[in-house]
Structures are given as C-alpha cells and as structure tokens.
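First the structure, in the form of structure tokens, and then the observations on it.
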Amino acid sequence: MAGVSLKCGDCGSLLKSVEEAQEHAELTSHSNFVESTEPVLNLVCSTCRKPCRSKTETDLHTKRTGHTEFVDKTSEAVKPINLESSSNSGGSGAAPMDVDAGGSGATEEMVVPEVDKKLLEELEGMGFTTARATRALHCSGNASLETAVNWIVEHENDPDIDQMPMVPAGTKNEPPKPSLTEEEKKQKLLELRERARKKKEEEEKKLEREREKERIRIGKELLEAKRTEEENERKRIIALRKAEKEEEKRAREKVRQKLEEDKAERRRKLGLPPEDPATSKPVPKPSEPTLEKKMGLPVKAVSKAEHMRECLRSLKKNHQDDDARVKRAFQTLFTYAGNVVKNPDEEKFRKIRLTNQAFQDRVGGLKGGIEFLELCGFEKSEDGEFLYMPRNKVDIAVMNSAGKELQSAIENPHFGIL
C-alpha cells in the first residue's frame, strides 16, 4: 500500500502532505520524516463540523463544548502522499495542487470557517494572530471569549496553532452566539464575583478548621508532656525522700552501734563482765499518776472516731481561707469511705494512686487528708505510690464512724471553728 501520510520520527505526529511536514519542521525543528500507510484521522463533529485529527483532539473538544458525536471521514480524505510536490513548486511559493486517489485532479473546496466577528476582534486586540484567534473560536464552538482564551492556553504548543483552520465549503457552521448586553455582562460579573467570594470563604473555613485541629493536637501534646513531667518529678521526690529516710536510718544505726561499742569498752576497762543483751533493755520508768488517777476519776481511752474528728478539725483550720476546697475534700473522703463500705471486695475502691492529679487537687494536697485515710485503715505501699487497704483489714465499723464524722463536718457550718 502506498504511503498516505508522513510520520515524524521525533514526536510521532501524522501529517497529510509534504507542506504540512515542512511547516511542522519549521515550528519544531524536527527533520526525521518517513512515509506511513497509517492515514491521518478526519473525525468531524456532527454539531459544529470541527475536524479532529486524533482521539485526543475529540476528547478535548468534547470536554470544552459538550459535543460527543463525530463522523469518521478518514476514508474520504485519504490521498497518496506526493513527494514531488515540494520540488515541483520550486521557489514560486505557490502551493501544489493535491490530487485524489482516483487521479481526477478535483478536490473538495476548503474555506475558512465562520466565527463570531466581535469575539475575533477582541482576541486580536489582546495580541493573538488572526489565524490563532480564528482556530480558537472555531474549535471552542464560538462559546465565549474566556473559552477561546482557555483553548489557546491549552493548545499553544500545537504545531498548527497558527495555521488558519479550513473546513469543507458548504459546511453549515453553527451561527455565532449573540454578544451579551451591558446589563447581562454586569450580572455575569456579579455572579462570577459571588462564586469567587463563596469559594474563598469555603477555603478560609477549611483552613481555619485545619488550624483548629492543629491547635488542639499541639495543646494535647503540651498537656501530656506537662503531666508526664509532673509525674516524673513526683516520682523523683518520692524516691529522694525514701533515700533520705534510709540514709537517716543507717546513720542512727551507726550511732547506736558506736554507743554500744563505747559502753562495752568502758565495762571492759572497769573490769566488768560483758552486758547480757537480754537484760540490757531499759526498764521503763513508772509514769507519774495523772490528774484523773490522783483524783480517783475513771480514765477514758481516746477512740478512733475522736482521732478522726480531730484530724478533720485540723484540716479545716489549716485551710480555713478556702472553705470550698475543704468542703470538696470532705465530700471526696465521704465517697471513698462509702465505696469501701458498699463494695469491700472490690480492690479498685481500696486502692488510691497518690500521684493522681485529681486526688492531689481534692485530698492529697491538703494537710490532713492522707492522715484521715490512714486512720480509716489505708496504708502506703512500699514504693510510696499507692494508699492501699488490704481486704482482711477492712473494718466496716471504723468506716461507718468515718462516714458519720465526715457527714457531721459537711452539714455543720460551725465545724472546726471553735
């Protein structure tokens, strides 16, 4: 089969004639052309009669204009390539006559498509060439000035962008759309501005939401870092206090051992036998009779309930300037006691973390709060991190007494004042 097109070996474009190949070479500096039996597509839009040379062009045309029906006239326009047309034309500058496949010498007359004159003038006034402006209006369906400009921007690298478009004579072009009136232009401008304003507001709202999310995330991270730092500081202080107590205990033990050694040395120098450890314990001196014993009055032992009442009085006096905080501490202690009475087998109600921030704010940070819990039966763990009440040491009577004292402290407005 004879060649029906010229294919650019550099970019793969198919060209109908030698003249098109020469123009393509001038625009792109490509020089590698070969004959091809693959015809150049001629897909004509059924609506506006615009010819498209590839599937890509039809897709772009459909995207811009909404036209979806195309007629394939490739077979009608296929003609063998005349490689002698360039040499025959010589330097006269006249385009050679194309001959069809049958050799009749007759070709279909091609004319410049009709476009909107006013839009064409506006495009020319913007600096575009007549050929480029005509092609843009024809390919965009004479829709609007904006559509034509967008088409030029999208196709500014097309090799035939500055070639005057040609359509078969007698092609019924779509009549140009009437231009907008001044009032319609103003209305259109207002609509465009309103859409732009709404779009900007939506973008600002979206950006503000993202900023708020970022602020919340950073805030949570800061709070978590602060809580971790405070917890580490509390652990460090507890460990430091424990180490100080152990060091103090070791120091007392050293002093005691030194005293024992000195005592043994003195006995040795005096020739006395070593002291028997069983008899070395000091005998407690008899205490002097108290006023009650002297007067023959009965002695009444101080009950645990009285200790609790005194502890609550001290707590209120120590923090008498913050009555609301004291009342909240009493209510929190009442809740702890009530939970143990109601659920003595539940370990979670018999275990309190000393480093808990809520516990520190309500009870632990007040002088006397932890002492009251210890009177109720809570004990500090070995690591000093928890207050814990073993199940076998739960005394319901003591817890009920604690509840009564707390209820009295809460309801009596004069509690701890006198």
Would you call Lys55-Asp59 a salt bridge at under 4.0 Å N-O?
yes
The reported gap from CZ in Phe372 to OH in Tyr336 (rounded to nearest 0.5 angstrom) is 13.0 Å
Backbone N or O of Asp160 within a donor-acceptor pair of the Asp158 side chain at under 3.5 Å?
no
Residue pair Glu224 / Thr228, side-chain heavy-atom distance below 4.5 Å
yes
Rounded to the nearest 0.5 Å, how far does CG of Asn142 lie from NZ of Lys117?
10.0 Å
Check whether any side-chain N or O of Glu261 sits under 3.5 Å from a backbone N or O of Lys258 as a donor-acceptor pair, and report yes or no.
no
As a quick check of understanding, evaluate side-chain contact (heavy atoms from CB on, under 4.5 Å) for Lys235 and Glu231, giving each step before the final call.
CA-CA 6 Å; Lys235 290 181 178 179; Glu231 185 174 354; 3.7 Å; yes
Which heavy atom of Cys48 sits nearest a heavy atom of His138, and at what distance?
O-CE1, 4.1 Å
Under 3.5 Å, side chain of Ser314 to main-chain N/O of Glu310, donor-acceptor pair present?
yes
For Glu69 and Thr47, which I'm curious about, is there any donor-acceptor pair between the side chains at under 3.5 Å?
no
Taking the side chain as C-beta and beyond, is there a heavy-atom pair between Glu379 and Met389 under 4.5 Å?
no
Scan side-chain atoms only and decide if Glu411 and Gln407 contain a donor-acceptor pair under the 3.5 Å cut-off.
yes
Pairwise distance CG(Leu137) to CG(Asp116) - rounded to 0.5 angstrom
7.0 Å
Between atom CZ of Arg325 and atom CG of Leu315, what is the distance when rounded to the nearest 0.5 Å?
9.5 Å
Identified side chain to side chain contact (heavy atoms under 4.5 Å, CB included) partner of Phe70 from the options Leu41, Asn42, Thr62:
Thr62
Evaluate Arg350 against Glu347 for side-chain contact (heavy atoms from CB on, under 4.5 Å), listing each step before the verdict.
CA-CA 5 Å; Arg350 295 184 282 105; Glu347 185 180 3; 4.0 Å; yes
Say you draw a straight line from CD of Glu405 to CG of Leu312; how long is it, rounded to the nearest 0.5 Å?
7.0 Å
I'd like to check Cys311 versus His307 (side-chain heavy atoms, cut-off strictly below 4.5 Å). Are they in contact?
no
Non-hydrogen atoms of Ala329 and Arg362 that approach each other most closely:
CB-O, 3.2 Å
I'd like a table of donor-acceptor pairs (distance under 3.5 Å, sequence neighbours excluded) in which one partner is a side-chain atom from residues 238-246, with atom names and distances.
none

Which atom of Val363 lies closest to which atom of Leu333, heavy atoms considered
CG1-CD2, 3.9 Å
Salt bridge present between Glu208 and Arg215 (N-O < 4.0 angstrom):
yes
Salt bridge check: are Glu214 and Arg211 linked by an N-O gap of less than 4.0 Å?
no
CD (Glu229) with more than 12 external heavy atoms under 6.0 Å
no
If you draw a 6.0 Å radius around CD in Glu212, do more than 12 non-hydrogen atoms from other residues or ligands fall strictly inside?
yes
Are the side chains of Phe386 and Ile352 in touch, meaning some heavy atoms are under 4.5 Å apart?
no
Answer yes or no: is there a side-chain heavy-atom contact under 4.5 Å between Val149 and Glu146?
no
Could you check whether Glu202 pairs with Lys198 (Lys NZ or Arg NE/NH1/NH2 to Asp/Glu carboxylate O, under 4.0 Å)?
no
I'd like to know if the side chain of Asp72 reaches the main chain of Leu43, judged simply by a donor and an acceptor atom lying under 3.5 Å from each other, with no hydrogens or angles considered.
no
Would you mind telling me which of Lys249, Arg250, Arg256 makes a side chain to side chain donor-acceptor pair (under 3.5 Å) with Glu253?
Arg256
Answer yes or no: is there an ion pair linking Glu210 with Lys206, defined by an N-O contact shorter than 4.0 Å?
no
Step-by-step side-chain hydrogen bond (donor to acceptor under 3.5 Å, both in side chains) determination, Asp361 to Gln357
CA-CA 6 Å; Asp361 293 340; Gln357 189 62 43; 3.1 Å; yes
In terms of side-chain geometry, is the basic nitrogen of Glu154 or Arg64 positioned less than 4.0 Å from the acidic oxygen of its partner?
yes
Dump the intermediate steps for salt bridge (charged side-chain N to carboxylate O under 4.0 Å, His left out) on Glu248 and Arg252, then the final yes or no.
CA-CA 6 Å; Glu248 185 179 354; Arg252 287 197 302 267; 3.1 Å; yes
For Ser46 and Val71, the nearest pair of non-hydrogen atoms, with its separation, is OG-CG2, 3.4 Å
State, yes or no, whether a side-chain contact exists between Val398 and Met308 at a heavy-atom distance under 4.5 Å.
yes
Passes side-chain contact (heavy atoms from CB on, under 4.5 Å), Lys50 versus His61? Steps please.
CA-CA 9 Å; Lys50 178 192 178 302; His61 182 70; 3.4 Å; yes
Using side-chain heavy atoms (C-beta onward) and a distance below 4.5 Å, is Leu366 in contact with Asn318?
no
State, yes or no, whether a side-chain contact exists between Arg135 and Pro113 at a heavy-atom distance under 4.5 Å.
no
Before accepting this row, confirm whether a basic side-chain N of the pair Arg217/Glu221 lies closer than 4.0 Å to the acidic partner's carboxylate O.
yes
Identify the two heavy atoms, one from Thr58 and one from Cys52, that lie closest to each other, and give their separation to 0.1 Å.
CG2-CB, 3.6 Å
Using a distance-only test with no angle check, is there a side-chain donor-acceptor pair under 3.5 angstrom linking Thr147 and Ser144?
yes
Which residue, Lys199, Arg197, Lys205, forms the salt bridge (Lys or Arg N to Asp or Glu O under 4.0 Å) with Glu201?
Arg197
What's the separation between atom NZ in Lys342 and atom CD in Glu346, rounded to the nearest 0.5 Å?
13.5 Å
Carefully, step by step, assess Leu223 and Lys220 under the rule side-chain contact (heavy atoms from CB on, under 4.5 Å).
CA-CA 5 Å; Leu223 289 175; Lys220 288 182 178 179; 5.8 Å; no
Smallest heavy-atom separation, Leu387 atom then Lys380 atom, equals CD2-CG, 3.6 Å
Near Glu204 CD, under 6.0 Å, is it more than 12 heavy atoms from other residues, nucleotides or ligands?
yes
Give a yes or no on whether the backbone of Phe359 and the side-chain of Asn356 come within a donor-acceptor separation of less than 3.5 Å.
yes
